[in-house]
Amino acid sequence: MKNLLDEQLCIWTSLILIVLVSASTLPKKNKDVVEGEMVRLQCRFNPALSSGNILYYWIRTNKDGKDNAAISGVALDPHYQVEFAPNEGRYDLLISHAKYDADNGHFECKLKEGGSGADIYNMAFTVTVLIPPGPPNIIPTNPTAKEGEPFILTCSSEGGSPDPLIQWYREGTPLQGQLQKGGSRDKPTSSVLKISPKMEDDGATYRCAVWNRAIREEQKLEASVTLKVHFFPRVTVGPYNPLNILLDKEAILTCSVVANPSVHSVRWVKDNQLLSNAYNYTISAVTPGDSGTYTCIADNGVGKASQGNLELSVLYGPRVMLEKHKEVSVGDSVSIKCNVDSSPPPHSLLWLKEGDPLFQQSGDTLQLNEVDAEHSGNYVCQAINILKPAGSVIEKEMTSNASVTILIQHKPGNVEIVPQNPVAVAGKSFILTCLAQPSGWPLPEYHWWKEDKKGTDLERKVNYTIKSVHLSHEGRYHCQPQNVLGQGNIGSVYLTVQVPTSIIMPLRPQVIKQDGDATFSVTCKARGKPKPQVQWQKNGQEIMRENSLFYIETTEQIEDKNAYIVKSTLKFQGTGKQQKMISPEDRGRYSCEFENGLGEPIKSEMLLKIEHSPVVRHTYSVVAFDMGETAVLQCKMQAYPEPTFEWYFKGRKLENYGTYKTNVTDIGEDIYIGTLSILDVKDTDYGDYSCQARNRVGDDEKAFIKLAKKSPPDTPVNVSGIDVNSDRISLRWVEGFNGGFSNTEFLITYVNLKTGNTKNVSCHDQNPCQITGLQSKTDYKFKLRAVNPRGYSPYSDDIVVSTKVNMKDMPRATVAQYDRESHHVFFRVDPTVFNLVAKVEAKQSWENEWHLQKTIPVEHEEMEIYLDQSGEEFYDVRIVLCLLSNESWCGDEKLAEPYVDGVPQVLGTKPLLSTAVMVVIAAVAAGVFLLLVVIVICCCWKKRGKKS
């Protein structure tokens with residue numbers, strides 16, 4: 001029995017060796033195990049593979065070569081165990097107390113068919129027995145390098161499994177070294193770091209860290225060395241370069257050297273002359289001759305000697321030398337030289353003439369040819385340079401000048417202030433110049449004053465300059481020059497100041513409101529002189545004050561010197577706005593624009609966005625296309641933010657593929673069109689489609705559009721009359737479905753209800769449509785219908801519209817009178833069918849315009865009105881009759897006749913005498929009449945007496 005078992009074992013071993021020679025490399029699984037611990041190599045397969053004559057075995061490959069680890073259920077190593085269960089598809093190898101020499105390698109689980117030796121199943125493992133790496137070692141241990149010469153550091157470690165990773169660091173910064181793996185724990189793994197030494201590397205710490213999978217990352221093993229670098233000197237001169245020192249001040253020139261090995265002395269050199277071997281070189285009181293280049297030289301034997309150059313500059317202000325006086329005769333030529341010494345050189349060298357800001361010569365020579373009285377005066381040579389000592393943040397402007405007096409004696413002449421009619425603009429500079437001709441010698445003083453404050457001098461120079469004009473500068477200015485020989489006359493001008501428009505309260509750039517917000521308004525304010533005019537705009541179109549959607553409130557405030565502050569508020573609370581709340585129609589770009597004629601108009605803009613959920617903006621619910629055509633359904637929605645669209649048909653969502661094409665178009669004003677195109681319409685495509693839009697603000701919005709076949713048009717609805725006049729009427733209506741034809745036209749039939757005459761008018765495709773040739777103050781009955789290539793629609797409902805009154809038919813007051821004493825106006829109106837109001841207007845004798853005093857309804861044929869007259873008595877009064885329904889429709893005026901004590905007067909005559917005066921006159925006349933009667937009677941009695 002034992003011999004039989006040995007024979008089978010021999011056969012199995014031979015077969016396995018043949019397989020080992022012929023088998024190809026298999027993919028492996030990695031298994032890590034700490035030395036001394038157990039590891040399981042799981043070989044799992046389909047239990048169905050165990051049927052038949054199958055050979056099972058494990059192969060091990062380590063540093064000693066290949067051998068068998070197990071055959072079937074028998075382990076061939078004392079610290080191996082086999083779990084052999086072919087019926088369960090399991091053939092595991094258990095390694096207990098793992099050892100590096102025996103178990104660090106490759107293992108293969110194999111199933112072969114008995115007899116043929118064909119592979120049935122293979123599984124391979126790479127087992128790594130984990131052993132921590134040995135401590136790192138850096139060579140050389142005390143490294144010393146030389147600047148500019150390459151240097152190598154080597155870090156090595158051995159004894160670990162697997163081969164360790166080595167990372168270099170310089171002061172915590174990772175560096176890339178060249179890794180050379182050992183391949184086993186018996187051979188060291190090393191990393192070579194190549195360095196190009198620099199001065200900055202002197203004293204730097206280089207560290208290498210070693211670790212492998214046998215230890216945690218925080219357990220890395222480290223070693224470090226400090227690198228020494230020999231480098232050539234670095235020379236720094238100072239304390240500033242260039243070194244600017246004020247004249248007569250101390251100058252300390254410093255030289256600092258950094259070197260390894262260090263230097264013990266330096267050399268200060270100027271113009272190839274040795275000055276000192278100390279690091280600091282001191283000049284106690286600098287003179288102009290000390291300026292120049294100073295060099296500090298240092299050498300430590302490493303490479304080349306180093307040096308630093310320092311520029312020393314001695315600073316001093318200008319020294320101007322000029323002759324004092326120059327007397328010349330008229331017609332002579334003058335040439336005067338200005339000599340200047342300074343450091344730095346003057347950046348400005350000017351010849352000026354005192355009292356004459358217009359005179360200026362640049363350069364060092366003053367040249368005057370053929371002088372006359374106007375050339376007399378003091379001529380100044382002015383030199384300016386700027387001193388900034390080293391280390392100071394303050395610049396000192398040094399100015400020096402010398403003057404020469406050119407003497408031609410005369411007193412100032414006639415004076416003129418220019419410009420003659422000055423107008424200054426606020427915020428800009430302005431100059432008034434006092435010109436004397438001739439100017440006078442000795443050089444005169446110029447006295448400037450404003451208004452009547454002659455004793456207060458604004459300026460004593462020829463020019464009075466206002467650097468930044470303010471409104472308070474407006475007024476009358478005077479100027480008078482004088483010298484020892486006399487005074488010039490006084491010149492004066494009135495300075496007018498205008499203020500450009502400026503917005504002092506702008507609009508906010510963008511405002512976002514929600515649909516339904518209430519009491520919203522925006523305000524802007526501007527200042528200017530003349531008074532700024534304001535205009536509100538929406539989307540570039542002016543918002544008129546009579547707009548029913550807005551209310552514009554503008555106030556003005558007059559400041560000193562007739563400057564205006566204009567404040568304007570745009571209220572979104574017009575009479576035509578429902579509940580005075582914000583709605584999506586208010587969106588847009590608003591601006592307030594001010595202009596007063598000075599420069600371009602200025603404006604402030606605001607973008608108003610209204611957040612609201614989608615709202616349907618198309619007015620149709622049916623579209624028509626014949627079979628075979630491409631149907632286009634458009635769903636127009638208005639929303640902010642932008643909505644998304646979805647299309648549905650018979651409960652099914654339509655996607656953008658096949659015969660369906662969808663897209664969305666932004667047409668502005670937050671309006672979007674969702675389009676559904678149906679290619680090659682079929683009978684099954686007819687029906688109701690729904691368009692659904694949504695955004696984040698509110699509920700979804702749906703719109704239903706029916707796709708139908710082309711047909712006659714639908715009946716127009718909501719017919720109304722607009723723009724009604726005395727001889728024409730414009731009709732507007734809501735168009736019904738056009739049956740699918742864009743060339744649908746409209747026919748209007750109307751009847752004159754007074755005469756019964758009927759007429760037909762074609763409006764073609766015009767809506768609104770104007771009907772002309774009508775009679776004034778007449779009722780007309782209208783109806784209309786639509787027509788397309790498929791037929792006519794039914795007629796719309798009838799409407800009756802009345803034409804307006806013709807202006808020439810408006811009534812006029814037949815009588816009008818005005819009582820100057822009682823301030824009553826009387827007028828009479830003939831009977832009329834119109835409902836009227838009377839406007840009473842008046843004016844004074846010097847006025848051209850009429851002023852409305854009262855407006856009252858005309859309720860009787862004769863009317864009396866009292867005028868409240870607090871000032872001077874009216875010279876003329878007139879009556880104007882207008883329609884009660886529209887007060888802008890008025891007839892001709894009727895001028896009132898003067899009326900005193902019940903006696904009408906001729907227009908334009910003076911008022912009659914008062915009542916008291918007339919009573920006296922009547923009494924006197926009665927007395928005279930009685931006296932005449934007595935005289936007549938007496939005469940008659942005398943004649944009778946003579947006869948008798």
Side chains of T501 and E595: does their closest heavy-atom pair fall under 4.5 Å? no

Of the non-hydrogen atoms in E397 and I384, which two are nearest, and what is the gap between them? CG-CG2, 3.4 Å

Indicate, with yes or no, if the rings of Y206 and Y169 have centres closer together than 6.0 Å. no

Give the C-alpha distance, both sets of side-chain angles, the deciding distance and a yes or no for side chain to side chain contact (heavy atoms under 4.5 Å, CB included) between V497 and H470. CA-CA 7 Å; V497 177; H470 188 267; over 6 Å; no

Could you tell me whether the side chains of D341 and Y316 share a donor-acceptor contact shorter than 3.5 Å? yes

Rounded to the nearest 0.5 Å, what separates atom CD in Q482 from atom CD1 in I490? 10.0 Å

Kindly say whether V314 contributes a backbone atom to a donor-acceptor pair with the side chain of S343 at under 3.5 angstrom? yes

How about L312 and I283: do any of their side-chain heavy atoms sit closer than 4.5 Å? yes

For residues I386 and H347, determine if any side-chain heavy atom of one lies less than 4.5 Å from a side-chain heavy atom of the other. yes

Roughly how far, to the nearest 0.5 Å, is CD1 of I503 from SG of C592? 5.0 Å

Would the number of heavy atoms belonging to other residues, nucleotides or ligands and lying under 6.0 Å from CG of N421 be above 12? no

Euclidean distance, I297 CD1 relative to R267 CZ, rounded to 0.5 Å: 4.0 Å

Between T254 (side chain) and G238 (backbone), is there a donor-acceptor pair under 3.5 Å? yes

N463 versus P357, closest heavy-atom pair with distance: ND2-CG, 2.7 Å

Just verifying a value: how many Å separate E605 CD and L607 CG, rounded to the nearest 0.5 Å? 9.5 Å

Answer whether the closest heavy-atom distance between the side chains of I466 and Y477 falls below 4.5 Å. yes

Output, in order, the C-alpha distance, side-chain angles, deciding distance and verdict of side chain to side chain contact (heavy atoms under 4.5 Å, CB included) for F231 and D201. CA-CA 10 Å; F231 54 89; D201 296 320; over 6 Å; no

Is the side chain of N300 donor-acceptor paired with the backbone N or O of V258 at a distance under 3.5 Å, no angle test? no

Atom of P344, atom of L315 and distance for their closest heavy-atom approach: CD-CD2, 4.1 Å

Looking at L598, is its backbone amide N or carbonyl O close enough to the side chain of N596 to form a donor-acceptor pair, meaning the two atoms are under 3.5 Å apart? yes

In terms of heavy-atom contacts, S468 and H473 come closest through O-CE1, 3.6 Å

Qualifying residues under salt bridge (Lys or Arg N to Asp or Glu O under 4.0 Å), relative to K529, sequence neighbours excluded: E474

Pairwise side-chain contact, I565 with I504, heavy-atom cut-off 4.5 Å (strictly under): yes

List the steps, then state whether side chain to side chain contact (heavy atoms under 4.5 Å, CB included) holds for T554 with V566. CA-CA 7 Å; T554 302; V566 178; 3.7 Å; yes

Non-hydrogen side-chain atoms of K561 and E559 separated by less than 4.5 Å: no

On the 0 to 90° scale, with breaks at 30° and 60°, tag the F572-F520 ring pair as parallel, tilted or perpendicular. tilted

Are there over 12 heavy-atom neighbours, none belonging to I394, within less than 6.0 Å of that residue's CD1? no

I'd like to know if the side chain of E311 and the backbone of N241 have a donor-acceptor N/O pair within less than 3.5 Å. no

So, the side chain of T496 versus the backbone of V423: is there a donor-acceptor pair under 3.5 Å, distance only? no

Would you check, one step at a time, whether the test side-chain hydrogen bond (donor to acceptor under 3.5 Å, both in side chains) holds for Q367 with Q361? CA-CA 8 Å; Q367 184 68 43; Q361 286 187 14; over 6 Å; no

Would one find more than 12 heavy atoms of other residues, nucleotides or ligands at under 6.0 Å from atom NZ of K609? yes

Keeping the roles fixed (side chain from E542, backbone from Q535), state whether a donor-acceptor pair exists under 3.5 Å. no

Are the side chains of L243 and Y294 in contact, using a 4.5 Å heavy-atom criterion? no

Can you check whether Y564 and F594 have ring centres sitting under 6.0 Å from each other? no

Should we say atom CD of E200 is surrounded by more than 12 heavy atoms from elsewhere, each under 6.0 Å from it? yes

Does E171 have more than 12 heavy atoms from other residues, nucleotides or ligands lying within 6.0 Å of its CD? yes

Keeping E553 on the side-chain end and K571 on the backbone end, is there a donor-acceptor pair under 3.5 Å? no

Is a side-chain donor or acceptor of S400 paired with a backbone partner of R319 at a separation under 3.5 angstrom? no

Applying side chain to side chain contact (heavy atoms under 4.5 Å, CB included), run through N414 and N489 and close with a yes or a no. CA-CA 6 Å; N414 296 325; N489 58 7; 3.7 Å; yes

Determine whether more than 12 heavy atoms belonging to other residues, nucleotides or ligands lie under 6.0 Å from atom CZ of R508. no

Which value, rounded to the nearest 0.5 Å, describes the distance between I336 atom CD1 and T365 atom OG1? 10.0 Å

If I take atom OG from residue S196 and atom CD from residue E149, how far apart are they, to the nearest 0.5 angstrom? 11.0 Å

Quick check: are there more than 12 heavy atoms from other residues, nucleotides or ligands sitting under 6.0 Å from NZ of K461? no

S306 side-chain N/O to P233 backbone N/O, donor-acceptor pair under 3.5 Å: yes

Taking the six-membered ring where the residue is Trp, are the ring centres of Y464 and Y446 under 6.0 Å apart? no

Report the relative orientation of the aromatic rings in Y379 and F359; use parallel for angles under 30°, tilted for 30 to 60°, perpendicular for over 60°. perpendicular

Heavy-atom distance under 4.5 Å between the side chains of L432 and C479, does that happen here? no

When every non-hydrogen atom of S392 is compared with those of K388, the smallest separation belongs to O-CE, 3.2 Å

Using a 6.0 Å cut-off, check whether atom CZ of R207 has over 12 heavy atoms from anything other than its own residue. yes

Closest non-hydrogen atom pair, P261 against H230: CD-CG, 4.4 Å

